[in-house]
Amino acid sequence: MGIEVLGIDLGKTVCSLAGLDAAGAVVYRKRLQRHRLLDFLEGMDPCIVAMEACGGAHHIGRFCLQHGHEPRLMSPLYVRPYVKVHKNDDRDAEAIAEAATRPTMSFVAIKSEEQLDLQALHRARERLVTERTRLINQGRGFLMERGIRVGTGRHVFQIELVRLVATGTADLSHRILTMLSDMMAELATINDRVAAIDTEIKALAKADADVQRLMGCCQTDSNQSPQGQVGCPLCRAETAPLGESGGAVGLEEGSAGETAFLVEMV
């Protein structure tokens with residue numbers, strides 16, 4: 001068949017394939033059930049396997065490396081200019097194959113399982129923080145409708161919530177107090193889950209020499225002085241009192257500083 005470059009348009013159930021020869025002409029087209037894709041690649045002669053960097057692409061890329069292929073992952077934004085008119089899955093696969101042959105194309109590095117696991121941790125944490133913010137905003141709205149204003153900040157809200165549930169007030173009915181009690185329990189559960197993920201991320205960061213070097217961690221051999229702890233986000237989070245950090249690695253949830261800290265730890 002003489003396929004030099006195989007472009008794959010990954011779908012949830014069906015994948016479109018387009019094979020190019022050494023001259024860049026399309027010599028092969030096929031649609032394949034996704035669960036049969038790995039078996040198909042295993043039986044092929046080694047070639048360049050091009051895909052967009054989307055869900056499942058890194059797993060297929062690692063499989064290609066194990067079987068002698070050269071996987072090339074690209075951003076969908078870089079592939080789009082190569083799509084011909086009347087866009088469909090087959091033309092997408094052809095465009096992916098063509099884009100992979102460009103000498104100036106920028107490719108995406110294939111992530112290891114460990115990197116994907118760490119990425120999943122951050123995504124799970126981000127989802128929990130979003131849920132907590134939504135819950136707190138709803139609680140503020142309930143209280144504002146009853147003339148109770150709570151100060152800015154998650155910790156301030158949680159302290160006031162505990163006080164209102166414990167002592168009550170004439171402005172709050174029994175139904176609302178019961179709802180606030182449920183909200184307080186839900187917030188405590190989310191806080192515990194976020195804290196558990198924070199602990200795991202910090203453990204992974206401390207075990208990774210590259211992450212410690214990027215962070216300028218005081219626990220590296222080149223920086224053992226106590227003064228170094230002041231500028232180290234990891235150690236600053238560890239030494240923060242629980243009342244200040246609230247299980248949130250010493251940073252206010254949802255802030256730009258928290259996002260930078262998470263990116264920095266990766």
Side-chain angles (χ1 to χ4, degrees), residues 117-206 208 211-212 214-219 226-266:
D117 288 348
L118 183 58
Q119 184 183 58
L121 277 177
H122 284 286
R123 296 295 179 270
R125 186 186 190 281
E126 183 179 2
R127 173 181 55 80
L128 289 171
V129 170
T130 300
E131 291 177 1
R132 178 166 61 189
T133 302
R134 185 181 298 117
L135 187 64
I136 290 174
N137 289 340
Q138 185 181 64
R140 288 181 183 277
F142 290 160
L143 295 176
M144 185 68 72
E145 290 293 338
R146 287 153 181 82
I148 300 176
R149 182 189 177 279
V150 182
T152 304
R154 173 174 68 87
H155 302 292
V156 173
F157 174 82
Q158 291 184 166
I159 292 173
E160 183 65 13
L161 185 63
V162 172
R163 186 189 69 80
L164 289 173
V165 171
T167 62
T169 176
D171 297 325
L172 298 177
S173 64
H174 175 73
R175 181 178 292 106
I176 290 298
L177 285 174
T178 301
M179 187 178 299
L180 292 177
S181 178
D182 293 340
M183 185 176 294
M184 183 176 66
E186 188 175 349
L187 278 174
T189 300
I190 294 178
N191 286 337
D192 291 340
R193 294 173 66 186
V194 171
I197 294 178
D198 288 340
T199 301
E200 188 169 357
I201 291 176
K202 287 194 291 183
L204 291 171
K206 291 184 68 175
D208 193 309
V211 174
Q212 289 197 21
L214 288 172
M215 293 175 63
C217 182
C218 66
Q219 296 183 14
Q227 292 80 4
Q229 295 186 6
V230 177
C232 172
L234 185 60
C235 296
R236 189 168 63 246
E238 282 189 339
T239 55
L242 184 60
E244 298 177 6
S245 67
V249 293
L251 293 170
E252 184 67 17
E253 297 295 344
S255 65
E258 178 192 56
T259 303
F261 179 70
L262 292 176
V263 173
E264 189 175 25
M265 292 187 71
V266 175

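Note that this is a predicted model, so its numbers are computed, not measured. Nothing fancy with the numbering, it's 1 onward along the sequence.
Put simply, the side chain of Arg123 reaches to within 4.5 Å of the side chain of Glu126, judged on heavy atoms. Side-chain contact between Ile148 and Leu172: present, with at least one pair of heavy atoms (C-beta onward) separated by less than 4.5 Å.
Here Leu128 contributes atom CG and Leu135 contributes atom CG; the two are 12.0 Å apart, rounded to the nearest 0.5 Å. Rounding to the nearest 0.5 Å places CG of Leu187 at 11.0 Å from CG of Asp182. Between atom CD1 of residue Ile176 and atom CE of residue Met183 there is a gap of 8.5 Å, rounded to the nearest 0.5 Å. Distance CD/Gln158 to CD1/Ile136: 5.5 Å, rounded to 0.5 Å. Arg125 contributes atom CZ, which lies 10.5 Å from atom OG1 of Thr130 (distance to the nearest 0.5 angstrom).
Between the side chain of Arg193 and the backbone N or O of Thr189, no donor-acceptor pair lies under 3.5 Å. Remark: side-chain polar atoms of Ser181 are not paired, donor with acceptor, to backbone N or O of Leu177 under 3.5 angstrom. A distance-only check finds no donor-acceptor pair linking the side chain of Arg132 to the backbone of Glu186 [under 3.5 Å].
Salt bridge annotation for Glu131-Arg134: absent, with no cationic side-chain nitrogen under 4.0 angstrom from a carboxylate oxygen.
Counting heavy-atom neighbours within 6.0 Å of Arg127 CZ, excluding the residue itself, gives a total above 12.
Listed here is the closest heavy atom pair of Phe157 and Leu143: CE1-CD1, 4.1 Å. When all heavy atoms are compared, the tightest approach of Leu164 to Thr169 is CD2-CG2, 4.3 Å. Contact detail for Arg146 and Asp171: the closest heavy-atom pair is O-CB, 3.8 Å.
If you run side-chain contact (heavy atoms from CB on, under 4.5 Å) between Val194 and each of Ile190, Asn191, Ile197, only Ile190 comes through.
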Side chain to side chain contact (heavy atoms under 4.5 Å, CB included) assessment of Leu204 paired with Leu121: CA-CA 11 Å; Leu204 291 171; Leu121 277 177; 3.8 Å; yes

